[in-house]
Amino acid sequence: MALTTPMKKISIILERVLKDDIIDLIKKNGAKGWTLTEVNGEGSRGMRASEFEGRNFQIDTIVNAECADRILQQLSASYFSHWSLVVYLSDIQILRAEKYQ
Amino acid sequence: MALTTPMKKISIILERVLKDDIIDLIKKNGAKGWTLTEVNGEGSRGMRASEFEGRNFQIDTIVNAECADRILQQLSASYFSHWSLVVYLSDIQILRAEKYQ
Amino acid sequence: MALTTPMKKISIILERVLKDDIIDLIKKNGAKGWTLTEVNGEGSRGMRASEFEGRNFQIDTIVNAECADRILQQLSASYFSHWSLVVYLSDIQILRAEKYQ
Amino acid sequence: MDALTQQLISPVVLCFLLGAVSRLIRSDLALPEAVYSGLSIYLLFAIGLKGGVALSQTSFTEFYRPALGTILIGVVTPFIAFYAVRYAGKLSKEDSAAVAAHYGSVSVVTFLASVEAAKRLGLESESYLSALVALLEIPGIVIALLFARSSNKNSWSKALHEVVTGKSIVLLAGGMLIGALCGKQKVSELDPLFVGCFKGALCLFMIELGIVASKRLRDAARAGFRLITLGFLLPPILGAFGVAVGLFCGLSVGGAMVLGSMSASASYIAAPAAVRIALPEANPAYYLTLALGITFPFNIALGIPLYAKISHYLAIWL
Amino acid sequence: MDALTQQLISPVVLCFLLGAVSRLIRSDLALPEAVYSGLSIYLLFAIGLKGGVALSQTSFTEFYRPALGTILIGVVTPFIAFYAVRYAGKLSKEDSAAVAAHYGSVSVVTFLASVEAAKRLGLESESYLSALVALLEIPGIVIALLFARSSNKNSWSKALHEVVTGKSIVLLAGGMLIGALCGKQKVSELDPLFVGCFKGALCLFMIELGIVASKRLRDAARAGFRLITLGFLLPPILGAFGVAVGLFCGLSVGGAMVLGSMSASASYIAAPAAVRIALPEANPAYYLTLALGITFPFNIALGIPLYAKISHYLAIWL
Amino acid sequence: MDALTQQLISPVVLCFLLGAVSRLIRSDLALPEAVYSGLSIYLLFAIGLKGGVALSQTSFTEFYRPALGTILIGVVTPFIAFYAVRYAGKLSKEDSAAVAAHYGSVSVVTFLASVEAAKRLGLESESYLSALVALLEIPGIVIALLFARSSNKNSWSKALHEVVTGKSIVLLAGGMLIGALCGKQKVSELDPLFVGCFKGALCLFMIELGIVASKRLRDAARAGFRLITLGFLLPPILGAFGVAVGLFCGLSVGGAMVLGSMSASASYIAAPAAVRIALPEANPAYYLTLALGITFPFNIALGIPLYAKISHYLAIWL
Ligand SMILES: Nc1ncnc2c1ncn2[C@@H]1O[C@H](COP(=O)(O)O)[C@@H](O)[C@H]1O
Ligand SMILES: Nc1ncnc2c1ncn2[C@@H]1O[C@H](COP(=O)(O)O)[C@@H](O)[C@H]1O
Ligand SMILES: Nc1ncnc2c1ncn2[C@@H]1O[C@H](COP(=O)(O)O)[C@@H](O)[C@H]1O
Ligand code: NA
Ligand code: NA
Ligand code: NA
């Protein structure tokens, strides 16, 4: 069997303007990498400031459980009052886990 | 620990022409939001009508378990005879779960 | 309840130049389809050859457990010495599972 | 056959070939989706504008007969296509209707290539012809879909909405209205982009069409021998019919040749989307391969000079 | 009212309408994001270049008074907008500041439409006016943000950075510098693209703006009656003020009309991004609906000919 | 040094600077990927077309010597680059081969800037030179890859396929063929887009290249002092060699200057993709930083006027 290790994937859906900040935040809290996808969407707010400026972003970052917890707490503390980020965790099994911790 | 709640993520891969219908369907069945990504791909059909018109879409929607079940049933009933949608569920842990139910 | 079957989703983040090879590899090892998304990202290497040429790709393929294992082993054997692919597995529940095996 | 070499050795046709060959040698050449789609918006709007300006300079008496003729083509050609594909091609009712919708409509690029060719052959074609393109886009699709009238009324009305509000009709008709309202002088400010750069932009578009058509051609085998033969036979038949109608309605030799090309061509912008909605059971392998893999290159390379010849001889004869 | 019909029956305005209507009938017409963004880069850079070349041919004595006048507009208009929205519109401090930032800044497309309109009316407008666009982009936003000076200094300095280094300023100012340094002759090599194709490209851009504005308009109901009224009242007030300043600074009738249009217009490129960063609490439903859904179409259709009239009468009177 | 200021104060160079500066101040300015890629397709095809038309007007006796000279440059320069980087730069065999592949090939934009510069300096350059660009794209990469002939034959043949069918070669060669087959008159219909708009499009492209180069420059520190020095020394050496070969083959002073610029330039379109496939162990930090971060801006700003001087003096001397 191929050797996989359980890790967490954090997915964050954010507005364009927050990109640099959020990447800073996850890196400071121990993420070793991230993957960004351009997305569209609809949620609690019908209207988004960034709609006219282009799409939103989804950032996925693969981290271990402690790091995931730290990032989630930081995100809640810093952004949840003014911004309506969508943040969720999934369980994954990764190859070469040493790269991500 | 950051407070997360277990929810379901439904991922649907669909042709461009179905977009509005499918979004209607998931909203009618209780989804509070969705995220759309443009994708390419290959599956059981070698050829897609929409290839020339551009990419396919992947729609992710985060819902609770009952709602997920409802959406899956509706999708099966309405589309599976003529369209070859790809539909799957993942388990996720979300922050601020109240936004999604 | 809608009838879902547990399957594996393999996600692979790769450079543009590897696309055709990796798709060949997963198909040879039993994948019946794949979905490709254009992504950006940052990881262990600060700099990517493909940056100038455009984005990276993420390929998701839904397969059963044995097939997943085979693909993971092949990927490790063929690419991990020279390329720094990111490869991970998630558990999903799929509708119409017969399409994917 | 001078018309033929004239046609083949032209930037537009050679660009199509370049795209097709680049696909064959597995080059990574491809217009980005956004650029391709931007170019198609540009081309459609430019055609509309030009048609509108021409209309504003055309009297109703001059225009109404070719317009009626165009509608006639829009009604008759899907019938020919449907029965040919259904009985000679042995396809299902849904597949035949889908193919008929494509042949009943018009390929904008074939139209442009034909206008070019007419000019190169020294034949004048009426400049209001682009207004006829918009006219021919709709009835063919509608009639074809009627053949397979599904019980599902909802999807049908959606398909109609898709055609009428599809970007090709909106841009053609919108451009036409703007051109007609503003008139030649005001529109001339836009000429450097919409007239000057037009042919160059068409060449870039053609490279991409060559790539796509070449992909389709690989699928031709799957479509089967009968169908491929039909892909070559339908255009001359529909083309000759279109030429005859054109001459009958008082178009010039060049104009009839262009109308023939329109009649012979199969849409691959408006029709596929509408068909996908109204007839999801129809197999894209059939209609896209025929329209884009066979009929389009056939028309570009051989069909257009052929319709020129037909127009030439029929004009003498009539 | 000849100015009005002249204004309405022009390709630029009709293209805006085409976009708006296509959205109403739920067409799938839309410029791809990349093309839209590429077009905006092209337009901004072309305006900058033109302004730069004009500056290189303008003496300082001719230029400094309109420049000071422009800065005055940049300082005064956000005050007017803020207090109007705060007290007549009854919005929160944050929302009012956000709206003020949009009206304090300038809509590049309204500027262009106004220059066009001036030309069509036979009024000359000073060619260095595009240099004033860059000048008017910044102070309005900065002053408006001061109204809601949040405790969060960090986000404030980021918003300032966002405005100053935003692509609109960089392209306008960069283009201006390049135009001024290279001078008319060297820049003329770029004319086929940046001058010749300009109006056509603006038309395509307008189609997309029509689509977006029409989306916004649907949200207008949510913004409430008071606010919608303000969206119609603010432009004439700010416009008249701009025209007066322009005439006072020695601009021609056409130039004052254009400066008035700039003053009356609300930015929707630089301002929204800056506001989103500095004032995340402000509700986009207010500022985007006002700027893009109401004020922009109002200016394009009715405002511009109105400022022309105002400039005409004030010029006699002064 | 008049050639130098002439070179620096030109739209093309200033646009590059604008891009670089906008990156330094962390502006969000960037061409969308699709537009950038669309522009590169346009530029390559336009160069090919022009070269093809020129070829159709050039006799074989005039052309064969410069063509042979170009192949000589393609063979010799990767050797110079490889040994310089391997022994003076102390890189591994794989890294040196990767760098050599870039210098052995040609930067299309440097070529264009050099043609521009020649014109501005009043030097005529042979119009068939663009045909030589396509010729120089391939051999350099192939030879360089031979240095690190990996045991993995498969990846090697794929790399070769990547170069030969890469979009730059396909567009250059395809454009050339089309230009040569259609001849000046037929191609002239495309001139408004492919000739008229060319310089403006190049300027927009340059903005993006400035942004990318400026990113690369930040990585230069990592590449180390020795390597940076080589990035400045290699171009003059390769450039002087290219100029000499050009004059020897009978090119004019301007033509030799352009051939020198081609020789001195390092590819960043065809080479990186091929290298990534054939030599995945080679570190992009080295080859991209050298090619795009150092050599490209050096050539654009200082190299081109230098090769003009060299060509001038050598021409007298020879
Ligand atoms: N229930 C959901 N499922 C999937 N994506 C969502 C959901 N709710 C919100 N989103 C995404 O998050 C973005 C912002 O949502 P909101 O802040 O709620 O407007 C939306 O544009 C969607 O892309
Ligand atoms: N096994 C699979 N894994 C991942 N994506 C798939 C799979 N099968 C199909 N897809 C996606 O679903 C789309 C439609 O598939 P199909 O209807 O089977 O042709 C494809 O274009 C892929 O994007
Ligand atoms: N920890 C991570 N989480 C998410 N994506 C990652 C992570 N590490 C690497 N990636 C993705 O994989 C690509 C290649 O990573 P690398 O080879 O480590 O430079 C990056 O550009 C990211 O898109
Ligand atoms: Na037809
Ligand atoms: Na204003
Ligand atoms: Na070189």
Side-chain angles (χ1 to χ4, degrees), chain B residues 6-15 22 25-26 29-30 35-48 50-51 54-60 62-93, chain C residues 1-41 54-65 67-68 71 88-101:
Chain B
M7 299 276 278
K8 300 285 178 191
K9 181 172 79 168
I10 308 181
S11 301
I12 311 169
I13 300 169
L14 55 139
E15 288 181 50
I22 301 261
L25 185 151
I26 63 174
N29 287 283
T35 298
L36 181 149
T37 318
E38 304 204 345
V39 298
N40 285 315
E42 195 185 322
S44 53
R45 293 168 299 159
M47 186 181 285
R48 307 216 108 202
S50 48
E51 181 188 273
R55 311 217 196 120
N56 294 327
F57 290 140
Q58 169 164 344
I59 290 181
D60 291 342
I62 294 162
V63 292
N64 61 31
E66 304 92 87
C67 177
D69 201 50
R70 231 167 24 237
I71 291 176
L72 259 49
Q73 261 161 4
Q74 288 283 324
L75 284 173
S76 312
S78 322
Y79 291 97
F80 279 8
S81 44
H82 288 327
W83 304 91
S84 67
L85 290 188
V86 172
V87 182
Y88 59 87
L89 272 187
S90 340
D91 287 306
I92 60 154
Q93 295 279 336
Chain C
M1 267 215 34
L3 189 74
T4 59
T5 317
M7 299 274 278
K8 299 285 177 189
K9 181 172 78 169
I10 307 180
S11 301
I12 311 170
I13 300 169
L14 55 140
E15 288 181 49
R16 216 155 252 262
V17 292
L18 292 181
K19 184 191 154 196
D20 293 338
D21 283 6
I22 302 260
I23 288 175
D24 271 5
L25 185 151
I26 63 174
K27 279 161 94 176
K28 270 194 199 124
N29 286 283
K32 294 282 176 283
W34 47 268
T35 297
L36 182 150
T37 319
E38 303 204 347
V39 298
N40 286 315
R55 310 216 197 120
N56 295 326
F57 291 139
Q58 169 164 343
I59 290 180
D60 290 344
T61 179
I62 294 163
V63 291
N64 60 30
C67 177
I71 292 177
Y88 60 86
L89 272 188
S90 338
D91 288 306
I92 60 155
Q93 295 278 335
I94 200 156
L95 289 177
R96 294 203 278 193
E98 64 289 356
K99 265 186 69 171
Y100 310 95
Q101 7 211 6

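Each chain gets a letter, A, B and so on, in the order its sequence line appears, and its residues count up from 1.
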Report yes if the side chains of [X] and [Y] come closer than 4.5 Å at any heavy-atom pair, otherwise no.
X	Y	value
C/K27	B/E42	yes
C/I59	C/I23	yes
B/F80	C/L95	yes

**Q.** Heavy-atom pairs under 4.5 Å with chain B, option from C/K99, C/R96, C/K32, C/Q58 with the top count
**A.**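 Of the candidates given, the most pairs with chain B belong to C/R96.
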**Q.** Part of B/E38 within contact of chain C (heavy atom distance under 4.5 Å)
**A.**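 The backbone, not the side chain.
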Q) Relative to chain B, which segment of C/S90 carries a heavy atom at a distance below 4.5 Å: side chain, backbone, both, or neither? A)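 Contact with chain B: none, neither part.
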Q: Pick one of side chain, backbone, both or neither for C/Y100, based on which atoms fall under 4.5 Å of a heavy atom in chain B.
A: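 C/Y100 touches chain B through side-chain heavy atoms alone.
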**Q.** Given C/I10, C/V63, C/I12, the one that forms side-chain contact (heavy atoms from CB on, under 4.5 Å) with C/I26
**A.**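 Between C/I26 and the candidates, side-chain contact (heavy atoms from CB on, under 4.5 Å) is satisfied uniquely by C/I12.
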